[in-house]
Asks: 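Starting off with a structure, shown below.
What's counted below: heavy atoms across the whole structure, side chains too, no hydrogens, waters or symmetry copies. Each ligand, and each atom within it, is numbered from 1 in the order the structure gives.
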Amino acid sequence: MRVNEDRLRSDIESNAEFGAVPCREGRGRTVLTGTEADRRAREFLCERLRDAGLDTRIDEVGNVVGRWTPESADPDAAPVAAGSHLDSVPEGGIFDGPLGVYAALESVRTMQDAGVEPSRPVEVVCFTEEEGQRFGGGLVGSGVAAGELSVEEALGIEDGDGIPLGDALADIGFRGEGRVDAADWDAWIELHVEQAERLERADVPAGVVTTIVGLTRCAVEVVGEADHAGSTPMDDRSDALAAASEFVLDVERATNERRSVSETAVGTVGKLDVSPNAPNVVPGRASLSIDVRDVDYESIDHVVGRARDSLARIERERPVETTLERPWDRRPVAMDDRPRAALHAAGEAADVPTLDLHSGAAHDTMHVAQVTDAALLFAPSRDGISHNPREWTDWSDCAAATRVLAGALADLASE
Ligand code: CO
């Protein structure tokens, strides 16, 4: 089987025109769900799916599916599916999402060109609102496909202006019918850019993901008392920011220490709001976030526990009150052996080296993995950069990873 690198590149470059933003370095695009750029990207995809002879359908939440049912296939057999998303973050890169969608299509075209005769249909999928930049927290389309979110719930998610997702999709002509059900798939594979540097450093074009990390987000409040920065003596203060600063360092220390047990643990305080945030006022309140991730759920619990301990200590040592809430918690998701084995075998057959690694970022595949055998394949990201116009994956690496994807899909679809 020969992947056509130029054809794949041409699709991704054409897609990059939709929502293209001028930038000094790299190539950026802004494709938010339900916008004109989104409509054009989706219409172009449908056109390319039809060009390859696939039957396309759009479900009620705008998920797009193109189905290839060759003569060799039993049309009633559970299909093998692959894909990703076409939406982006504001001024995002051109590969994050589109690579997986167009590599899936290129895989089908490669099988067609090679005369592969699968016994199952193969589906190419584009999920709605993966990035969560306009509606909700992201992974919306895949959440519906996996039954984690109802169609009604998804359609009702409102953007910042109170426009529901359902209306935004109807506006661009992509509120279809029914629900794509990921449980109908025999297996699923998503190709995505790595968004880290492990593949680049190893000089390997394809990474087979073992686990997608679990993630916890906590909201922390530190309450002291706002006071005059000039007339309040040092020993009479209740400085919320000074207290919060100790906490930030404690979270970093706790995570670093945990790495001796699980080296993939990461913990971040990425958001800090100080009130009243004025140079001549002792800070009265600090609101912080914690984001903890690991392939090992116990590590997440451990770091959150240490964060609670830190707050208890700070309350003892300083005149502040604190709270910690844990509103968002997601367990790690292991990828399935069967599609992973197919990826390894395909890498060997195509003479493309592969590397096992974990995913630190969330992906639609997390949802799909709840209802069918799912795998995630990574292509290298130059310097690990993504969500940025400088995001880059060499075309030869795109093609090499697609060779692995195509081989695995052909194998799974012939079972
Ligand atoms: Co993505």
Asks: Salt bridge check, Arg326 against Asp301: does any charged N sit closer than 4.0 Å to a carboxylate O?
Replies: yes

Asks: Going by the rule side-chain hydrogen bond (donor to acceptor under 3.5 Å, both in side chains), which residues pair with Glu43 if we only count those two or more places apart in sequence or in a different chain?
Replies: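 Counting only residues at least two positions away or on another chain, Glu43 forms a side-chain hydrogen bond (donor to acceptor under 3.5 Å, both in side chains) with Arg39.
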
Asks: Can I get a per-line list of side-chain donor-acceptor pairs under 3.5 Å for residues 265-273, giving both atom names and the distance, sequence neighbours left out?
Replies:
{"residue": "Lys271", "atom": "NZ", "partner": "Asp273", "partner atom": "OD2", "Å": "2.9"}

Asks: Any salt bridge linking Glu194 with Arg198? Criterion: basic side-chain nitrogen under 4.0 Å from a carboxylate oxygen.
Replies: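 Answer for the salt bridge query: yes.
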
Asks: Tell me whether the rings of Trp395 and Trp392 are parallel (<30°), tilted (30 to 60°) or perpendicular (>60°).
Replies: perpendicular

Asks: Sequence neighbours left out, cut at 3.5 Å: what donor-acceptor pairs do the side chains of residues 396-415 make with other protein atoms?
Replies:
{"residue": "Thr402", "atom": "OG1", "partner": "Cys398", "partner atom": "O", "Å": "2.6"}
{"residue": "Ser414", "atom": "OG", "partner": "Ala410", "partner atom": "O", "Å": "2.7"}
{"residue": "Glu415", "atom": "OE1", "partner": "Arg338", "partner atom": "NH1", "Å": "2.8"}

Asks: Under 2.8 Å from the Co ion (ligand 1), which protein N/O/S atoms are there?
Replies: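 N, O, S partners closer than 2.8 Å: His85 NE2, Asp96 OD1, His192 NE2.
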
